[in-house]
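In what follows, a structure is listed as structure tokens, so that the remarks can point back to it.
As the structure lists them, so they are numbered: ligands from 1, and atoms in each ligand from 1. What you see below is based on every heavy atom in this structure, not just the backbone, and it leaves out hydrogens, waters and symmetry mates. Note that the numbering runs from 1 along the sequence shown for the chain.
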Amino acid sequence: MSKTLQAIRGMNDILPEQTPTWRYLENTLAELLDGYGYKEIRLPILEFTELFARGIGEGTDVVDKEMYTFLDRNEESLTLRPEGTAGCVRAMLEHGLTGGGQVQKLWYAGPMFRYEKPQKGRYRQFHQMGVEVFNLPGPDIDAELIVLTWRLWKKLGLADAVTLQLNSLGSSEARARYRDALVAYLQERYDLLDEDSQRRLTTNPLRILDSKNGGTQALLVDAPTLHDYLDEESVAHFEGLKARLDAVGIRYEINQKLVRGLDYYSRTVFEWVTDKLGSQGTVCAGGRYDGLVTQFGGKPTPGVGYAMGVERLVLLLETLGLVPEELNSPADVYICAFGEAAELAALGLSEQLRDALPDLRLVVNAGAGSFKSQFKKADKSGASYALILGDDELAKRVVGCKPLRDDSEQQSIAWDALAEHLAACLKQA
Ligand code: ATP
Ligand code: MG
């Protein structure tokens with residue numbers, strides 16, 4: 001027997017019973033972003049490898065260990081996008097959309113790919129919904145991005161399940177000075193560091209701050225702190241952000257060890273975290289990346305954005321029982337037809353009903369079948385009404401309309417009056 005084919009580990013099918021929750025989440029966010037004046041952008045899933053190497057940075061876990069990179073038939077090195085920001089910046093430059101200080105407020109959604117160890121909340125193909133804003137340097141827009149996510153949590157019923165962690169990384173110069181101080185401090189204690197952190201000391205030292213190793217964390221207690229190195233302007237920027245969050249009543253926790261995995265952040269960084277999902281608790285993460293566009297050869301262009309993990313949010317909604325029940329809404333009406341002539345009439349009738357009642361969820365029986373079997377299917381569809389069409393009904397140009405969810409009698413309704421009758425019945429239900 002041949003081996004059954006399976007999906008690649010860490011790449012999930014999203015099955016029909018799950019897609020309503022996905023659509024609910026995606027639609028809720030899309031509507032929200034519409035309301036704040038953000039526009040959608042759709043970007044390729046494949047890009048040249050160099051884009052991510054330059055944009056995300058060598059020495060980051062994503063670039064060093066997690067990318068799906070391969071040569072195409074033309075020997076070009078391509079990579080399945082591990083995140084959305086680099087591609088978005090590339091598109092801005094390629095189409096001149098941020099030139100002359102043009103403000104762009106954008107969002108995107110779609111699959112991302114990282115070669116990670118699959119576990120709950122961590123997959124190799126996962127989905128993000130992200131937002132990016134260009135050419136607005138002030139803390140007002142950083143605040144708006146956070147306010148937007150906060151409103152999403154409120155809409156989804158998640159406001160009490162997530163907390164906001166906030167930090168400022170300062171200017172890239174300030175960050176560099178802090179990095180030197182941190183490296184000097186840790187270099188003296190090199191032997192006490194865990195192996196991963198020893199490696200990061202040369203590749204990406206700030207990342208050591210969020211090491212999970214107990215010994216390393218103990219060493220960090222007396223290490224230099226980032227905020228002692230912040231430049232004045234970044235301090236003012238951070239104060240501006242906090243004042244705005246205070247003004248709308250968003251609570252936050254300052255976490256000086258929050259540095260984010262990607263190289264391109266400066267000033268604001270933030271994460272929304274939940275304790276309801278175990279160790280994969282970050283559901284939304286982002287920050288300011290004023291230096292990224294120049295890294296791609298563009299003119300200095302402030303940027304700020306975030307990405308949410310859709311799988312983690314779906315898990316959170318499910319865990320907390322917050323998936324609205326009506327999402328799995330069944331059909332309204334199921335048409336049963338007996339005999340070839342009745343089937344033809346049923347098809348015509350169903351299309352007339354769809355014209356008259358555009359929101360009607362109508363299932364036409366397919367595959368013929370006995371009265372009993374069609375009725376069983378009608379019941380299983382969850383429909384509120386079965387319409388019955390046989391030779392008798394055909395001759396009289398009527399249908400039998402049988403309520404399926406209560407004991408009321410079947411009625412005979414003329415074809416001409418059917419749309420009106422159904423509209424009235426469904427309005428009542
Ligand atoms: P983590 O520390 O969990 O690895 P990250 O810092 O690598 O996260 P980002 O690159 O900031 O994550 O991505 C933003 C969000 O996308 C994360 O907060 C998370 O919700 C989600 N995410 C990232 N990687 C994965 C993954 N492999 N599977 C599922 N969701 C993910
Ligand atoms: Mg990661």
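- Geometrically, ligand 1 and E271 share no nitrogen or oxygen pair separated by less than 3.5 Å.
- In the vicinity of A285, heavy-atom distances shorter than 4.0 Å reach the ligand 1 atoms 11 (O), 18 (O).
- In I8, the CD1 atom is not crowded: 12 or fewer heavy atoms of neighbouring residues, nucleotides or ligands sit closer than 6.0 Å.
- Distance check, rounded to the nearest 0.5 Å: NE2 of H421 to CG of L426 gives 9.0 Å.
- Geometrically, ligand 1 and E311 share no nitrogen or oxygen pair separated by less than 3.5 Å.
- The residue among R114, Q125, K120, Q128 with a heavy atom at the shortest distance from atom 10 (O) of ligand 1 is R114.
- Comparing V310, L315, T282 by heavy-atom distance to atom 18 (O) of ligand 1, the nearest is T282.
- Residue contact check for ligand 1: E116 places a non-hydrogen atom closer than 4.0 Å to it.
- Distances from atom 3 (O) of ligand 1 to the heavy atoms of H127, R122, E66, K117 show the closest one on R122.
- Pairs of residues two or more places apart, or lying in two chains, that qualify as ring pair (Phe, Tyr, Trp, His ring centres under 6.0 Å) and include a residue from residues 16-64 are W22-H127.
- For atom 25 (C) of ligand 1, the choice among Y115, F126, W272 with the nearest heavy atom turns out to be F126.
- Heavy atoms of V62 found under 4.0 angstrom from ligand 1: none, in either backbone or side chain.
- With hydrogens and angles left out, the side-chain atoms of T216 and D194 include a donor and acceptor closer than 3.5 Å.
- In the vicinity of V283, heavy-atom distances shorter than 4.0 Å reach the ligand 1 atoms 20 (O).
- When the salt bridge (charged side-chain N to carboxylate O under 4.0 Å, His left out) test is applied to D379, the partners found at least two apart in sequence or on another chain are R405.
- Defined by atom type and a distance below 3.5 Å, a donor-acceptor pair is missing between the side-chain atoms of S171 and E233.
- Both the sub-6.0 Å distance and the 45° axial angle are not jointly satisfied by R175 relative to the ring of Y229.
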